[in-house]
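Structure first, commentary second.
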Amino acid sequence: MLHPLPLRTTHRQTQLQIPLNNPLSNQFNFEQNYRNISNLLLSLTRSRTLPKGLQVHAHIIKTGFQAIPLISHHLINFYSKTQLPLDSQRVFEETQVKSSTTWSSVISCFAQNELPCVAIEFFHRMLGFGVRPDDHIFPSSLKASGMLSWREFGRSVHCLALKTGFDGDVFVGSSVVDMYAKCGQIRDARTVFDRMPVRNVVSWGGMICGYTQLGEDEEALRLFKEALWEGLDVNDFTFSSVIRVCGNSTLLELGKQIHGLCLKTSYDSSSFVGSSLVSLYSKCGVIEGAYQVFEEIPKRNLGMWNAMLIACAQHAHIEKAFDLFKQMESMFMKPNFITFLCVLYACSHAGLVEEGKHYFELMKEYGIEPGDQHYASMVDLLGRAGRLQDAVSIINGMPMKPTESVWGALLTGCRIHKNTELAVYAADRVFELGQVSSGMHVLLANAYAAAGRYEDAAKARKMLRDRGVKKETGLSWVEQGNCVHTFAAGDRRHPISGEIYLKLKELGGEMERAGYVADTSFVLREVGSDEKNQAIRYHSERLAIAFGLITFPPERPIRVMKNLRVCGDCHTAIKFMSKCSGRVIIVRDNNRFHQFEDGKCSCGDYW
DNA sequence: CTAGGGTTAG
């Protein structure tokens, strides 16, 4: 039996207003009734209340209302929003007269429920029925082609829109821009964008976001500035994209300014903006800033929790990371695969093997199948901790074929713990995979060379050369005001490099008196020992720190960013530098942060 | 009535 529905009471009320002798009253009731149902469905769709919706659907079937196109559209849409695309499809198939609206609802349903292939299948079916796409169908199908990066298909849909004269529509235009951007055709996206007769927030946001996804940070920022200049609307979407740019390029000062703008426009409470801000502050080494943003946003979504977890992992705030995870559990915030990558990453940075295993097991309880990245993370954790055999058994227990990153993690562990035999085994497996990514060659070459397999080592190096991959130059940079000051090892190009070298010399004396001894084993073999000593003294991070010591006010922490791993000797040296100068020095290398304070580092020498 | 962006990891 059906439960009484609220619409009945409404119905009774309206009935009272109709004179009983009105010959139209029956028809009117019917009309009123289905309008009520349609409104009820709409509100249920908005609030996504599934049980009640199912009741209403049952009622609709009983009363025969599903024959009314409007009702079936609402039903399709209801199941789409409650993430039940198959039920949407069922309603769609049962709809006898399919208007373009019906097609539109079902195509958008699949596009929104991560089934772009099915969306496109229905798009084709629709064309087969001779139904012309309209200004609602174009956006959905373009979205689907963007999701799949189906460049040629997307282009043909774009052409169809041009032919049928829909290219002037803002929705269609914005979708075309987004589609080309997603397919990596940023120039085409820009051409369409520039030719659009009318543009809105979404068109601008899509274009800016497109540039950020391709790493064209400067163009993204330029466009953002242009939008501000022209007094155009920017919204939380635009802000989150552009803050992400600042995060990726560690532009703290600019990021702060944009944060200020968010506060002014009160877009700062959006959790999307919040996630980007947490990540920005974290990536720029300002972990306190990340905590503050996190605390100040009341409505946190999963992305935001994950961003905070990553921040904790990068800064080795392990206890805080575990604490956050507990908080999530207590609030019934369901973790996803990224959440687990974050906690595993945190465990790996602290060498916490047992905790890592615990979280790895916990995944199953949450119904998340570990992916290759989770396995790689476990191998990394065990490998770094020296438990190479356990790492191998993890690999052997993988239900899927181990990927390059899994073997790479094992290779890293082997390098740290000097297990040449296992390293060669891993290297052979990587070769078997056929394709080898550029970062891998060095690891392979070193593994083979250490085991005396020089021919294979040469082969790995040759592959590297053939690809034209050069070893990345080690660079360090600090931000000051509107400028980023970049240094390479032994660099003398900076305007105040004289002062910088003098400062390092002075400080070097102090450091030696405090007990610092340079460890030259970190320098490549080919140079003589005097040169070694010189070379290590002027690694890029030291130049950057010296620059900070000279130019920053004493209480300001010196934040240095680096694209490569910090070498062991520099790590020791920076500890002494922090002690002798009384400064807080924060160094971000290619995968984490080191906060040096009073002769100690936050990583606890495990990195 | 139906339509177009995203946050978080490496």
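Just so we're on the same page: letters track the sequence lines, and every chain starts at 1. Just so we're clear, the structure is a prediction, and the values are computed from it rather than from any experiment.
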Practice task
Look at the rings of A:Phe340 and A:Tyr366 and say which category their plane angle falls in: under 30° parallel, 30 to 60° tilted, over 60° perpendicular.
Solution key: tilted
Exercise for the section: Rounded off to whole Å, could you give me the NE2-to-P distance for the A:His136 and B:dT2 pair? Expected result: 8 Å
Exercise for the section: Would you classify B:dG6 as syn or anti? Syn applies when the glycosidic angle is within 90° of 0. Expected result: anti
Exercise for the section: Would you indicate which nucleotide in B:dG4, B:dG6, B:dT8 comes nearest to any side-chain atom of A:Ser174? Expected result: B:dG4
Problem - Touch class at under 4.0 angstrom, heavy-atom based, for A:Ser276 against every strand present - result: sugar-phosphate
Handout entry: Rounded interatomic separation in angstrom, taking CG from A:Asp134 and C1' from B:dC1
Key = 12 Å
Exercise for the section: Please determine if a side-chain N or O atom of A:Lys81 lies less than 4.0 Å away from the OP1 or OP2 oxygen of B:dT2. Expected result: no
Fill in the blank from the handout: A:Glu114 CD to B:dG6 C1', in whole Å, measures 13 Å
Handout entry: Distance below 4.0 Å between A:Arg244 side-chain N/O and B:dG6 OP1 or OP2
Key = no
Handout entry: Pairwise side-chain contact, A:Asp167 with A:Val176, heavy-atom cut-off 4.5 Å (strictly under)
Key = no
Completion exercise
Against the side chain of A:Ser270, the closest entry in B:dG5, B:dG6, B:dC1 is B:dG6
Practice task
Look at the side-chain N and O atoms of A:Ser108 and state whether any lies under 4.0 Å from the OP1 or OP2 oxygen of B:dA3.
Solution key: yes
Exercise for the section: Would you indicate what A:Asn301 reaches in the nucleic acid, counting non-hydrogen atoms under 4.0 angstrom: base, sugar-phosphate, or nothing? Expected result: base
Practice task
Anything under 30° is parallel, anything over 60° is perpendicular, the rest tilted; go ahead and classify A:Phe325 against A:Tyr359.
Solution key: perpendicular
Completion exercise
Of the listed B:dT7, B:dT2, B:dA9, the closest approach to the A:Asn77 side chain comes from B:dT2
Handout entry: Short side-chain N/O contact from A:Gln112 to OP1 or OP2 of B:dG4, under 4.0 Å
Key = yes
Exercise for the section: State, without any angle test, whether A:Arg244 and A:Thr212 hold a side-chain donor-acceptor pair at a distance under 3.5 Å. Expected result: yes
Handout entry: Any A:Lys143 side-chain nitrogen or oxygen under 4.0 Å from OP1 or OP2 of B:dA3
Key = no
Practice task
Look at the aromatic rings of A:Phe239 and A:Tyr267 and report parallel, tilted or perpendicular, splitting at 30° and 60°.
Solution key: tilted
Problem - Separation of atom CZ in A:Phe92 from atom P in B:dC1, rounded to whole Å - result: 22 Å
Exercise for the section: Can you tell me the distance, in whole Å, between the CZ atom of A:Phe166 and the P atom of B:dT2? Expected result: 18 Å
Problem - Given B:dT8, B:dA9, B:dC1, the nucleotide with the shortest approach to the side chain of A:Gln373 - result: B:dA9
Handout entry: Non-hydrogen side-chain atoms of A:Gln257 and A:Leu252 separated by less than 4.5 Å
Key = no
Problem - Lys NZ or Arg CZ of A:Lys143 over A:Phe138 ring: under 6.0 Å, within 45° - result: no
Practice task
Give the nucleotide from the list B:dG10, B:dT8, B:dG6 with an atom nearest to the side chain of A:Asn306.
Solution key: B:dT8
Handout entry: A:Tyr345 side-chain proximity, nearest of B:dT8, B:dA3, B:dG10
Key = B:dG10
Practice task
Could you tell me whether the side-chain ring of A:Phe171 sits stacked on the base of B:dA3, using a centroid cut-off under 5.5 Å and a plane angle under 30°?
Solution key: yes
Practice task
Go through B:dC1, B:dA3, B:dT8 for me and flag the one nearest to the A:Leu42 side chain.
Solution key: B:dC1
Exercise for the section: In whole angstrom, give the distance that lies between atom OH of A:Tyr375 and atom C1' of B:dA9. Expected result: 19 Å
Handout entry: Residue A:Asn235, side-chain heavy atoms: nucleotide from B:dA9, B:dA3, B:dG5 that is nearest
Key = B:dG5
Handout entry: base_contact_polar (B:dG4 base, A:Ser175 side chain, donor-acceptor, <3.5 Å)
Key = no
Handout entry: Whole-Å gap separating P (B:dT2) and CG (A:Leu75)
Key = 13 Å
Handout entry: Sugar-phosphate, base or nothing in reach of A:Gln314, heavy atoms under 4.0 Å
Key = sugar-phosphate
Exercise for the section: Choose from B:dA3, B:dA9, B:dT7 the nucleotide whose nearest atom is closest to any side-chain atom of A:Asp135. Expected result: B:dA3
Exercise for the section: Kindly point out which of B:dG6, B:dA3, B:dA9 is positioned nearest to the side chain of A:Phe337? Expected result: B:dA9
Handout entry: Euclidean distance, atom CD of residue A:Glu404 to atom C1' of B:dG10 [Å, nearest integer]
Key = 12 Å
